[in-house]
Amino acid sequence: MSRAAQPVPAAALERPHPARALRGVPAPGLLRSGDLVLDEERWTVHRAGTPVDLSPTEFRLLACLLRHQGTVLSKSQLLRTVWGWGYTGQSQVVETYVSYLRRKLGRLGPPLIHTRRGAGYVLTGPEIQGPVRPAR
């Protein structure tokens, strides 16, 4: 049974502001899914222990998917979060960058990013079992 993706509140998708670290709030750390590790402090990504070279946009997209792993994120949610509210380009940019990530990450292991037709994209790792939950 398929359910349409529900919007994730914008505040839940936003990346913490860098000034938070200056106020004593802990900086973002490591995001993990199986053998995939993204370090937000060092802006590095490793899959199966191998460094993966990503563009800044690829990095932000992957970080968003990792923060919400197991949750279907719509194309419009990803556009707002990764490209920003002011982005006025083509929405196909999401498919393009998901393709780039799949190609780079897929060389080093099984697929992690999946398309939910009519709903969006979801990152699932081997530790996520059961049905994928729609974004709220």
Side-chain angles (χ1 to χ4, degrees):
M1 183 158 102
S2 174
R3 291 187 277 172
Q6 299 295 317
V8 172
L13 294 172
E14 291 175 1
R15 183 169 184 206
H17 191 278
R20 290 181 59 179
L22 299 175
R23 292 183 294 207
V25 176
L30 298 177
L31 299 173
R32 297 176 186 265
S33 181
D35 64 355
L36 177 66
V37 180
L38 182 143
D39 186 332
E40 291 186 294
E41 293 178 10
R42 292 185 175 88
W43 274 69
T44 60
V45 175
H46 289 80
R47 175 102 198 251
T50 302
V52 179
D53 186 32
L54 300 180
S55 72
T57 303
E58 292 166 341
F59 186 92
R60 289 191 311 272
L61 177 58
L62 182 59
C64 181
L65 290 167
L66 277 165
R67 274 190 219 99
H68 302 282
Q69 59 186 297
T71 301
V72 176
L73 298 175
S74 71
K75 209 168 29 168
S76 61
Q77 290 171 311
L78 291 170
L79 277 170
R80 282 192 311 269
T81 304
V82 177
W83 283 267
W85 288 96
Y87 178 75
T88 58
Q90 299 291 321
S91 63
Q92 291 85 354
V93 72
V94 176
E95 289 101 337
T96 301
Y97 276 85
V98 166
S99 171
Y100 295 160
L101 283 177
R102 285 176 170 159
R103 189 174 333 127
K104 290 180 178 185
L105 298 174
R107 294 178 190 146
L108 301 168
L112 295 172
I113 302 170
H114 306 279
T115 302
R116 294 296 180 251
R117 191 171 177 153
Y121 298 95
V122 62
L123 186 140
T124 56
E127 69 277 359
I128 295 181
Q129 302 293 321
V132 173
R133 63 186 189 273
R136 296 184 195 261

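Residue indices begin at 1 and follow the sequence shown.
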When you compare the side chains of T57 and S55, does any donor N or O come within less than 3.5 Å of an acceptor on the partner?
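The answer is no; no qualifying pair exists.
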Given side chains that start at C-beta, do those of [X] and [Y] come closer than 4.5 Å, heavy atoms only?
X    : Y    : value
V93  : L79  : yes
L54  : L101 : yes
P56  : R60  : yes
Y121 : Q77  : no
R47  : L112 : yes
V98  : T115 : no

State, to 0.1 Å, how close [X] and [Y] come at their nearest heavy-atom pair, and which atoms those are.
X   : Y    : answer
S91 : K75  : O-CD, 3.6 Å
D53 : E58  : O-OE1, 4.3 Å
V72 : G120 : CG1-N, 3.8 Å

Measure the spacing between [atom1] of [X] and [atom2] of [Y] and express it to the nearest 0.5 Å.
X    : Y   : atom1 : atom2 : value
C64  : L38 : SG    : CG    : 11.5 Å
I113 : L62 : CD1   : CG    : 6.0 Å
L30  : R42 : CG    : CZ    : 8.0 Å

With a 6.0 Å cut-off (strictly less than), is the heavy-atom count around CD of Q90, excluding the residue itself, greater than 12?
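Count not over threshold, so no.
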Aromatic rings W83 and Y87: how do their planes relate, parallel, tilted or perpendicular, breaks at 30° and 60°?
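It falls in the tilted class, 30° to 60°.
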Parallel, tilted or perpendicular: which one describes the rings of W43 and F59, with boundaries at 30° and 60°?
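W43 and F59: parallel rings.
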Does the S33 side chain pair with the main chain of L36, one donor and one acceptor, at a distance under 3.5 Å?
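Answer holds: no.
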Any donor-acceptor pair under 3.5 Å linking the side chain of Q69 with the backbone of R32?
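Between the backbone of R32 and the side chain of Q69 there is a qualifying donor-acceptor contact (under 3.5 Å).
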